[in-house]
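Here's the structure we're looking at; comments come further down.
All residue numbers in this chain count up from 1 along the given sequence. Atoms within a ligand are numbered from 1 in the order they appear, just like the ligands themselves.
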Amino acid sequence: MRASPIQPTVDFNADGEQHGFLKLPHSHDVSAWGAEMIPITVIRNGEGPTALLTGGNHGDEYEGPIALSKLAGALKASDVCGRVIIVPFMNFPAFRAGTRTSPIDRGNLNRSFPGKPDGTVTEKIADYFQRYLLPLADHVLDLHAGGRTLDFVPFAAIHVLPDAAQQARCEAAMRAFGAPYSMRMLELDSVGLYDTAVEEAGKVFVSTELGGGGTATVQSVAITERGVRGFLQHAGILEQDEAMGHSNASGPRTTTLLDMPDGTCYTTSEHDGLLELCKDLGEMVELGEVIARIHDAKRTGAAPIEYRTRRAGMLAARHFPGLVRIGDTVAVVADVLERGIPVTV
Ligand code: CA
């Protein structure tokens, strides 16, 4: 396969702190010999494990970009053992536009793996991660949130994997991230996911959903920053600090283990209209309980359509905007497997 057109301006094998770019040639109307300049930071201190940390895989999710921008600016080589590669805005054109997909080619980066070196801009980014960055990494963390159209209880997530030993390593890293919730996630369609590419490469992989609505909050950013530290400590790259596991005076920090075992977790809209969620995120629901009503947005006097849950559990995700369209995910109900699991790195 041909080489990637992307050229890094950093040396992945040099010690110290480097802030540079992945330079992706992109010729267009306002820049004939132009390039997309994707920011990247490499912090290295000798031999040791490598962590690859990414945000902005979808361009309208902000906890990852904020936490990783702060980390890139603050982390010193003397703080680490090994190497940290930070790409806060993975699909940079999408991030700059504030949209889930790229404005250049409408590419959804998280559906574009393994990518192509001679494909679209988005496929070129995927290919560079697939063939150049993933082989450098041992531990991979991809920070997502709900974007403009979804909102989540804050969780770190792993997938059920064919290799039980690899899954156990991912679970341990997820618990070290120590979000309020930890999720075994079901992907309805895993083709093209960065997750799948990382897992098939045998890496320790954790992803997250840390909020949503196309913004970030004080709380969701704090969860993210604490989680990234825990992840790096678990990888043996950052020293463990004594405060770990003790977020406040009320005792050790804990996480609640959630599971999404099958498609009955999802409620999908079959109507267009005005959405009334009947539960808030984190609330428990019974099997068959009304989880949402969709009101006719064009007339008064019509009864709303009721949507009932197909399993009991906790509302873990919801459609964010007030209007809903047919095909939108309205709600996700997760099983609560275990509460009060202590966070340890
Ligand atoms: Ca996402």
Side-chain angles (χ1 to χ4, degrees), residues 38 52-69 86-103 105-115 122-123 125-126 129-130 134 140-159 170 174 177 179-199 205-217 220-221 223-225 227-228 231 258 260 265-266 268 281 315-321 327-332 334:
I38 304 166
L52 173 59
L53 311 178
T54 49
N57 185 333
H58 292 129
D60 62 347
E61 304 173 358
Y62 295 101
E63 284 80 2
I66 293 169
L68 295 183
S69 291
I86 306 171
V87 184
F89 328 117
M90 199 178 175
N91 193 347
F92 190 57
F95 173 75
R96 292 278 289 166
T99 52
R100 181 173 179 83
T101 62
S102 175
D105 51 33
R106 300 308 342 161
N108 179 342
L109 181 57
N110 215 28
R111 298 293 182 278
S112 300
F113 280 81
T122 304
E123 287 168 338
I125 296 171
F129 273 83
Q130 177 84 40
L134 280 187
V140 180
L141 176 64
D142 190 30
L143 297 164
H144 286 252
R148 292 191 292 189
T149 65
L150 290 173
D151 197 12
F152 288 89
V153 296
F155 64 80
I158 60 126
H159 294 112
C170 296
M174 170 174 74
F177 188 96
Y181 297 92
S182 298
M183 175 77 85
R184 251 179 231 145
M185 220 154 72
L186 170 78
E187 289 298 341
L188 290 181
D189 180 8
S190 68
V191 174
L193 291 179
Y194 180 52
D195 309 54
T196 308
V198 181
E199 288 159 356
F205 179 64
V206 175
S207 69
T208 67
E209 298 291 356
L210 293 161
T215 191
T217 67
S220 67
V221 171
I223 290 167
T224 310
E225 293 191 274
V228 171
F231 183 86
L258 305 176
M260 286 163 52
C265 296
Y266 292 83
T268 303
L281 289 174
L315 184 65
R318 58 157 290 174
H319 185 74
F320 187 78
D328 289 346
T329 292
V330 169
V332 180

Relative to each other, are the rings of Tyr62 and Phe95 parallel, tilted or perpendicular (30° and 60° limits)? tilted
Using the ring centroid of each side chain, check whether Phe177 and Phe231 are separated by less than 6.0 Å. no
Glu61 atom (N/O/S) at minimal separation from the Ca ion (ligand 1): OE2
Looking only at N, O or S atoms, find the one in His144 nearest to the Ca ion (ligand 1) and name it. ND1
Does the Asn110 side chain pair with the main chain of Tyr194, one donor and one acceptor, at a distance under 3.5 Å? yes
By atom name, which N, O or S atom of His58 is the nearest to the Ca ion (ligand 1)? ND1
Would you say the side-chain atoms of Thr196 pair up with the backbone N or O of Ser190, donor to acceptor, closer than 3.5 Å? yes
